[in-house]
Amino acid sequence: MLFDLRGRGRRRTIQAIYLWLAILMGGGLVFFGIGGATNGGLLNAFNGSSGGSGSNPFTARLKAAQRRVAVSPNDPAAWAQLTQLRFEVANVPANLDQSGNYTPTGRTQLVPVQQAWDRYLALAKTPDPNLATEMMAVLGPSGLGAYPAAAQAAEVVASARPGYAIFAQLAELSYLAREVRKGNLAATKAESLAPAATKSTLTTQLQAFKAQATRTTSTSGATGASGTAASGGAASGGAASGTSSTPGH
């Protein structure tokens, strides 16, 4: 009998058999993913279904939205949906740094977001303030730096939800866009709506925004003036060529 342990060598044989069975059972659990909190075992890994697809969850919805605007190019709702989905795709964690600002790669993905937004804004009679709030991030300092467009988005939000905070943002973006008059009007509105406890601090911040914009404009003007002087000197030495230079901005 095989399991008669009294025979010579039988005990070692039985131990070897049990050890081999234990290896087979343990290997089956790992290889086939039987039991336990596994991700499907090695067979699923060979089949490419180990649990992390890594695909963007918005891809299918984005393609559907693109087809929709292709079919209905004058539908503002279709462009709003496309803008929103492009914004969500651009805001995946891989496109943001640790401070929440867009990486260089992330900024490249903001360009089609702005394109869809511009088309939506041209079609919509009453633009969505929620979408406009997102576009302030896309177009503002942490995004594309398209300050006139960012200020326009802030105006949409301010019209729908007037408050001192949004008017302060509108003032800052207007100053950055060198639209000083619009910035002054927004700053005055922000100060008139601000609580008494925060008015002094707000006024200081708004003045700082304006001063920074003024410094930037003055620096650009000085650069343009020096360029004009240099061009004038060059022209005086070569008037026969008939060329002239326009100061850059």
Side-chain angles (χ1 to χ4, degrees), residues 39-40 44-45 47-163 165-167 169-179 182-183 186 248-249:
N39 288 326
N44 280 343
N47 290 330
S49 56
S50 58
S53 63
S55 61
N56 195 311
F58 302 109
T59 301
R61 294 168 56 197
L62 180 60
K63 290 181 178 179
Q66 290 171 334
R67 288 193 295 268
R68 182 180 175 187
V69 297
V71 173
S72 305
N74 295 320
D75 181 7
W79 285 101
Q81 182 186 37
L82 181 60
T83 304
Q84 179 65 46
L85 288 172
R86 285 181 175 178
F87 174 79
E88 292 175 4
V89 170
N91 278 267
V92 296
N95 290 334
L96 303 172
D97 61 20
Q98 293 181 347
S99 301
N101 297 321
Y102 292 100
T103 63
T105 301
R107 287 191 186 93
T108 62
Q109 295 196 31
L110 296 179
V111 175
V113 182
Q114 182 183 9
Q115 292 172 344
W117 165 255
D118 289 343
R119 180 60 178 161
Y120 164 72
L121 205 59
L123 294 171
K125 294 181 179 179
T126 306
D128 182 4
N130 294 324
L131 194 57
T133 300
E134 295 175 344
M135 292 307 301
M136 288 172 61
V138 170
L139 302 168
S142 65
L144 294 174
Y147 299 125
Q152 186 179 24
E155 284 186 280
V156 172
V157 181
S159 297
R161 303 168 183 164
I166 183 59
F167 277 106
Q169 287 180 287
L170 174 57
E172 178 184 10
L173 292 170
S174 298
Y175 288 142
L176 288 171
R178 301 180 186 176
E179 298 176 351
K182 182 188 290 187
H249 297 282

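On a predicted model such as this, the values are computed, not experimentally measured, just so you know. The figures that follow rest on heavy atoms only: side chains count, while hydrogens, waters and symmetry mates do not.
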Closest non-hydrogen atom pair, [X] against [Y]:
X: A90; Y: L110; result: CB-CD2, 3.8 Å
X: A153; Y: W117; result: CB-CZ2, 4.2 Å
X: Y147; Y: G140; result: CE2-C, 4.1 Å
X: G143; Y: R107; result: O-NE, 3.2 Å
X: L85; Y: A65; result: CD1-CB, 3.6 Å
X: A78; Y: S72; result: CB-O, 4.3 Å

Rounded distance (nearest 0.5 Å) linking atom [atom1] of [X] with atom [atom2] of [Y]:
X: Q169; Y: S174; atom1: CD; atom2: OG; answer: 11.5 Å
X: Q84; Y: L62; atom1: CD; atom2: CG; answer: 11.5 Å
X: Y175; Y: L170; atom1: OH; atom2: CG; answer: 10.0 Å
X: M136; Y: Q152; atom1: CE; atom2: CD; answer: 12.5 Å
X: K182; Y: E155; atom1: NZ; atom2: CD; answer: 4.0 Å

Validation: residues 120-129 side-chain donor-acceptor distances under 3.5 Å, sequence neighbours left out:
{"unit_1": "Y120", "atom_1": "OH", "unit_2": "D128", "atom_2": "N", "d": "2.8"}
{"unit_1": "D128", "atom_1": "OD1", "unit_2": "N130", "atom_2": "N", "d": "3.0"}

Would you please name every residue forming a side-chain hydrogen bond (donor to acceptor under 3.5 Å, both in side chains) with [X], sequence neighbours left out?
X: Y102; value: N91
X: R119; value: N74
X: R67; value: none

Does [X] reach the side chain of [Y], with side-chain heavy atoms less than 4.5 Å apart?
X: R161; Y: I166; result: no
X: R86; Y: V138; result: no
X: P141; Y: L173; result: yes
X: V113; Y: Q109; result: no

ask   = Any donor-acceptor pair under 3.5 Å linking the side chain of N101 with the backbone of S142?
value = no
Non-neighbouring partners of D75 that pass salt bridge (Lys or Arg N to Asp or Glu O under 4.0 Å), sequence neighbours left out = R68
E134: salt bridge (Lys or Arg N to Asp or Glu O under 4.0 Å) partners, not counting sequence neighbours = none
